Each structure stands twice: as C-alpha cells, then as structure tokens.
Amino acid sequence: MGYWLVKSEPYKYSWEQLLKDGRTYWDGVRNYEARNNLQAMKSGDAVLFYHSNEGLAVVGIARVVAKAYPDPTTDDPRWVAVDIEPVETLAKPVSLSDLKKEPRLQNLALIKQGQLSVMPLTKEEFAVIVAQGRA
DNA sequence: GCCAACGTTGGC
DNA sequence: GCCAACGTTGGC
C-alpha cells in the first residue's frame, strides 16, 4: 500500500469539488518526477489532498481507484492520469506551517521542494499528518 | 504582486 | 554533453 500527497490549487480543483463529484481523474501533470510518482500509484493507495496558493493545508484523504493511464487531456503519450475518490475530510486542516513545525516531517518534498505536485509519503509521515488532521 | 527555487529547453 | 536562458510554480 502506497502513500502519496497531491497538490491542487483550489480555484482549479478543490477538495469540495471532489466531494461533490465523488470521483475525479488526476491529470494535467507536466513534470517528469510527478509523472513518475503518478505511474507508481496503485489502486487502493492513500492520497492526501493539499490545497496550494489558498488555504495552504492538507484538507482531506482520498484513495486511488484507477492506476495510471494515458492522460486524456493531451495527445502526448508521455503524460498519465489516475482516478481518485474522497475518503475522509479532515476535521482540522493541517497547514503548511504546522507541517514545518513537526520534526518528523522535515523530509517532506512539500517542504523541501515546493513546486513538486505529486510526491510519495512514508507510512509514518502519512500517519503523523492524519493524526494532526483528526485532532 | 513579487521573488526564489526549480525544471526544461536550446544553442554551442 | 554542458550550461545559460527562460518559464512555471508557489510561498509570502
């Protein structure tokens, strides 16, 4: 079972929109490292949903429901998309500043490499963030 | 709106 | 294959 964190700008696609839709495809990735991470996702993997630009917080937990397939929004075969569905809305969004304060999260790509939009998490990192979000 | 960080592109 | 220039992203 894999653990991931994906970023979305709320005005493009927000957590609330995902709740309303019930399921969405995660596309538009145009960065090789993020693409490689997408391709490594498997159905059933857990995905934290982070709002960038506005909010700056992890707001919910989603699940991969379809592993990587060619991105339907482009003819370029290099890019892929996955399908995700919402699992749980965090009672208390975990903000970026909270993440930065947590010693166990200092290796997060979110903190070290701000512009990566899809990144892997360890099981512990996932658990730490979710525990904060439920507190 | 600004600026720093990073990835990608293209000339040599 | 190197490296400078450029574009994009995202925090502040």
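In the text below, chain A, chain B and the rest are named by the order of the sequence lines, each starting its count at 1. Quick note: numbers below take in every heavy atom, side chains included, and nothing from hydrogens, waters or symmetry partners. Just so you know, these numbers come straight off a predicted model, no measurement behind them.
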message: Contact list please: residues 47-58 of chain A against DNA chain C, heavy atoms, distance less than 4.0 Å, in numerical order.
response: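 Heavy-atom cutoff 4.0 Å gives A:Tyr50, A:Ser52, A:Asn53, A:Leu56.
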- prompt: Can you list, by residue number, the residues of residues 105-113 of chain A that have a non-hydrogen atom closer than 4.0 angstrom to DNA chain B?
  reply: A:Lys112, A:Gln113
message: Surrounding NZ of A:Lys92 (heavy atoms of other residues, nucleotides or ligands, distance under 6.0 Å), is the total greater than 12?
response: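 For A:Lys92, atom NZ is crowded (more than 12 foreign heavy atoms under 6.0 Å).
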Tell me, please, which residues at least two apart from [X] pass salt bridge (Lys or Arg N to Asp or Glu O under 4.0 Å).
| X | answer |
| --- | --- |
| A:Glu9 | none |
| A:Lys101 | A:Asp98 |
| A:Asp45 | none |

field: Opening and closing nucleotides of DNA chain C in contact with chain A, under 4.0 Å to non-hydrogen atoms
entry: C:dT9 to C:dC12
- prompt: Tell me, which pairs form a ring-ring contact (aromatic ring centres under 6.0 Å, His included) where one or both residues lie in residues 101-122 of chain A, sequence neighbours left out?
  reply: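 Of all non-adjacent pairs touching residues 101-122 of chain A, none passes ring-ring contact (aromatic ring centres under 6.0 Å, His included).
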[X]: partners by side chain to side chain contact (heavy atoms under 4.5 Å, CB included), with sequence neighbours left out:
| X | answer |
| --- | --- |
| A:Pro77 | none |
| A:Pro10 | A:Ser14, A:His51, A:Glu54 |
| A:Ala34 | A:Val29, A:Asn31, A:Leu116, A:Ser117, A:Val118 |

- prompt: With sequence neighbours left out, which residue pairs that include part of residues 60-73 of chain A fulfil the salt bridge (charged side-chain N to carboxylate O under 4.0 Å, His left out) condition?
  reply: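 Of all non-adjacent pairs touching residues 60-73 of chain A, those that pass salt bridge (charged side-chain N to carboxylate O under 4.0 Å, His left out) are A:Arg30-A:Asp71, A:Arg63-A:Glu85.
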What pairs of donor and acceptor atoms, side-chain ones from residues 104-113 of chain A against any protein atom, are under 3.5 angstrom apart with sequence neighbours left out?
{"residue": "A:Arg104", "atom": "NE", "partner": "A:Glu102", "partner atom": "OE2", "Å": "2.9"}
{"residue": "A:Gln106", "atom": "NE2", "partner": "A:Lys100", "partner atom": "O", "Å": "2.8"}
{"residue": "A:Gln106", "atom": "NE2", "partner": "A:Glu102", "partner atom": "O", "Å": "2.8"}

